[in-house]
Protein chains: 2
Amino acid sequence: MERLWHCQDMPRVSKDPTPIAAAPARQATIRESNLALLYRLIVDAPAPVSRAALAAATGMTRATASALADALLAGGLIAEVAPPPAASAGRPAAGLVPARTGPAGWGLEVNVDYLAACVVDLSGTVRATVMRHGDQRDREVGEVLDDLADLAREVAVPGLKPAGIALAVPGLVQTPTGRIQRAPNLGWEDLEVTERLRKLMPEAMLAPMVGNEADFAALAEAHAGLEDGATNADFLYVSGEIGVGAGIVLAGELFRGSRGWAGEIGHVTVEPGGAACRCGARGCLETVAGLEALQRLGPQAAATALGRAVAAAVNLFDLPAVVLGGVYARADLAAVLVPGVAGALAEHVVSAPWAPVAVRASRWGEAAAATGAATAVVRRVHAEPAAWVGAGVA
Amino acid sequence: MERLWHCQDMPRVSKDPTPIAAAPARQATIRESNLALLYRLIVDAPAPVSRAALAAATGMTRATASALADALLAGGLIAEVAPPPAASAGRPAAGLVPARTGPAGWGLEVNVDYLAACVVDLSGTVRATVMRHGDQRDREVGEVLDDLADLAREVAVPGLKPAGIALAVPGLVQTPTGRIQRAPNLGWEDLEVTERLRKLMPEAMLAPMVGNEADFAALAEAHAGLEDGATNADFLYVSGEIGVGAGIVLAGELFRGSRGWAGEIGHVTVEPGGAACRCGARGCLETVAGLEALQRLGPQAAATALGRAVAAAVNLFDLPAVVLGGVYARADLAAVLVPGVAGALAEHVVSAPWAPVAVRASRWGEAAAATGAATAVVRRVHAEPAAWVGAGVA
DNA sequence: ATGGAATTGTTTGATGGATGAACTTATGGA
DNA sequence: TCCATAAGTTCATCCATCAAACAATTCCAT
């Protein structure tokens, strides 16, 4: 090894061993981490939780859990509710629940034929939604953003303040910059809207987020209450619109790929040598299962193609469930598409014989992406409560 | 919200808010985290690193970085090398490098026509490889494991002790249990070999790992030195054998899916209504690009099909690079397959126009999976050095 | 040769967060 | 009325990082 030291073209040892490096853990880090852990338990719990229960669930001492809970209370991220009628001996527990006033997530959506805005509070509840129908194709970006600003004001709920804002667009968005690479159905190309979103809502603490419509819709689906106990931590969400997009949720988190362009299922080849696609290739899923093709060829043809593409995704990602969204969720279409896709999965997915893949239609209707965008903001607060706790104390 | 408290069918508040919960961060956690951070910098550095450089790169104080480095030294995970001829003023820096003696990774591979074993030290260097050719199909599992035990002894290198052992098999392996779901080409079905691997090498500190052959080969590829500066943090590794498998590497880590069955590219449909596959479906990639079909139909047909399936994967995962391994890496085949796949990607991948996808053949030959398996063990030590540091002190 | 500048590595006390045990509060039941 | 039980709080202690001063070693200019 010593040889390396005398090698002249080697870089100086002391300079720049790695250009960038992650920040080290310090004592503040463990507090941030534990605050987030506690907050997640409070948010995910089906009923109000006591400080003692939090301590037991995490393994912290009651002293620690209590101190952290008090910090969350002081920051306005959770609230205390009256104790229940005691069922056993001992001092009754005070219940902790996510706050339903204070910081909340604002979600905006621009789609081909409508604009939407949505507010979701820290408990994950949708508090308000507004939509404005109208063709958005080939409009000036500035005008669209002005309209969205109006909607954001209209959707405001008394007692809720924007913690952050997220915009859903039907197109490719670069991560983590939020640059809109292209949204072909809107006629948008290479746009930077983050700064304008920030000005739109300067009081928000979080930086604006921009993301793909299907991705945000998937996020909304991931956090929809499931009455049948089905898993919603890992699934593929396929959104049928003019184009076909997919949002992939893994362990409750959106998978975006290294540059944010993951989930482009619309251009998976399902019919080699098939119809020409506007992307330049032939036989893309979009040419058979996109909205226009769907109307022309009918749902049966779309089901076959969709089944093939979805099976490929499930084989590659190892997913236990698939959700059909967008127009695919419309009852008449879902009645054909759900069984069609389920059949294709049973046939083509390697693990299906011993682990069948569940297929269902989305529970969310229109403006799912706006809801998901608002949810994304709320999830950021859930994941990093320390910023609010610090601010509340200072 | 208070309503919830009086709802009789609600679970008791204090009991079981969440069945399981992650462990909280304690003070030991931050030390473990920082040890791992420092160790990674030392391992990834192209030349010996000084304590001061580590402090600068991480943002820790020199005092902290120094203390942690001393702990790694005491644990035998790194070594100190003599200072270089000083190039500037100031006290010369002592260099820190990964240890080349002590703990090392043992990798085993069982394939259709050979067995292999490999030892990789903490610097990531392959120190020894042994292979034993011979048909392994339909052999008794116990016999095969006995042969592997022999190979593990043969491959031993003086001065290196097993930190752990990993086994690569050509089949589906459940994660994180390590249960072999099925390895059709070996005739194996539903096997539990972890316990036998543990007995094979009882002095190893880490629990035995079992994984898919293509996955481990991908891992080997991810950590191969790249002379051309190409990225190897995110890529798709496609392994052509009797079957066709893929290992997906994201941010330097293997993506296995929630149950460990990700990467099943061999049964993606590439020719609707095509030849029957042994999986029961028709037109799977394997029926055109598997080893037998490859010999029958030639590489040109395989290239077209492979291009389609790989394009689907790249569209879904947003990957900047693809590596062809297994028999696909053989020079004569690669000469056809690499340009063929590259052409298909340029045509079918949505982001290709502004972010071309790199395609190349694997640099590793046979026994790539054994190398990758050994690498996986080494990576575990890199990721969790605290266990060794603690042991070294006690 | 000699002193100053520069850079590495170590020592020392301060800071802050989790811990564990004792303590206070509040309820049900004998 | 007393005691068992459980929730929440207080306080001394531990431990890893930080900050700043200190010691060690080399280059360079005079």
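Everything numeric here is computed off the predicted structure, so don't read it as measured data.
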Taking the side chain of [X] as its heavy atoms from C-beta onward, which of [options] lies nearest to it?
| X | options | result |
| --- | --- | --- |
| Arg31(A) | dT26(D), dA18(C), dA16(D) | dA18(C) |
| Ile30(A) | dG17(C), dC18(D), dA16(D) | dG17(C) |
| Ala93(B) | dT25(D), dG9(C), dG20(C) | dG9(C) |
| Thr64(B) | dC18(D), dG9(C), dA18(C) | dC18(D) |

Rounded to whole Å, how long is the line connecting atom [atom1] of [X] with atom [atom2] of [N]?
| X | N | atom1 | atom2 | value |
| --- | --- | --- | --- | --- |
| Gln27(B) | dT17(D) | CD | P | 9 Å |
| Met60(B) | dG9(C) | CE | C1' | 16 Å |
| Glu32(A) | dA18(C) | CD | C1' | 15 Å |
| Leu35(A) | dA18(C) | CG | C1' | 13 Å |
| Leu38(A) | dG17(C) | CG | P | 15 Å |
| Leu96(A) | dA7(D) | CG | C1' | 12 Å |
| Leu73(A) | dG8(D) | CG | P | 11 Å |

Look at the side chain of [X] and the backbone N and O of [Y], then say whether any donor-acceptor pair between them is shorter than 3.5 Å.
| X | Y | result |
| --- | --- | --- |
| Asn34(A) | Ala25(B) | yes |
| Asp121(A) | Gly124(A) | yes |
| Thr125(A) | Arg127(A) | no |
| Asp234(B) | Leu250(B) | no |

For this session: Give me the one residue out of Val389(A), Asp44(A), Leu68(A), Ile78(A) that meets side chain to side chain contact (heavy atoms under 4.5 Å, CB included) with Tyr39(A).
Result: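 For Tyr39(A), the side chain to side chain contact (heavy atoms under 4.5 Å, CB included) check succeeds only for Ile78(A).
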Interface polar pairs with nucleotides 9-11 of chain D, N/O, under 3.5 angstrom:
{"unit_1": "dT9(D)", "atom_1": "OP2", "unit_2": "Ser66(A)", "atom_2": "OG", "d": "2.3"}

Exercise. Do any side-chain nitrogens or oxygens of Arg26(A) fall under 4.0 Å of OP1 or OP2 in dA16(D)?
Worked result: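 Result: no.
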Problem set entry | Presence of Asn34(A) side-chain N/O under 4.0 Å of dA18(C) phosphate oxygens OP1/OP2 |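 For Asn34(A), the contact criterion (side-chain N or O under 4.0 Å from OP1 or OP2 of dA18(C)) is met.
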For this session: Identify, with sequence neighbours excluded, every residue that meets salt bridge (charged side-chain N to carboxylate O under 4.0 Å, His left out) alongside Glu384(B).
Result: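 Not a single residue meets the salt bridge (charged side-chain N to carboxylate O under 4.0 Å, His left out) criterion with Glu384(B).
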Problem set entry | Nearest non-hydrogen partners of Pro385(B) and Leu72(B), listed with the distance |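 Looking at all heavy atoms of both residues, the shortest contact is CB-CD2, 3.9 Å.
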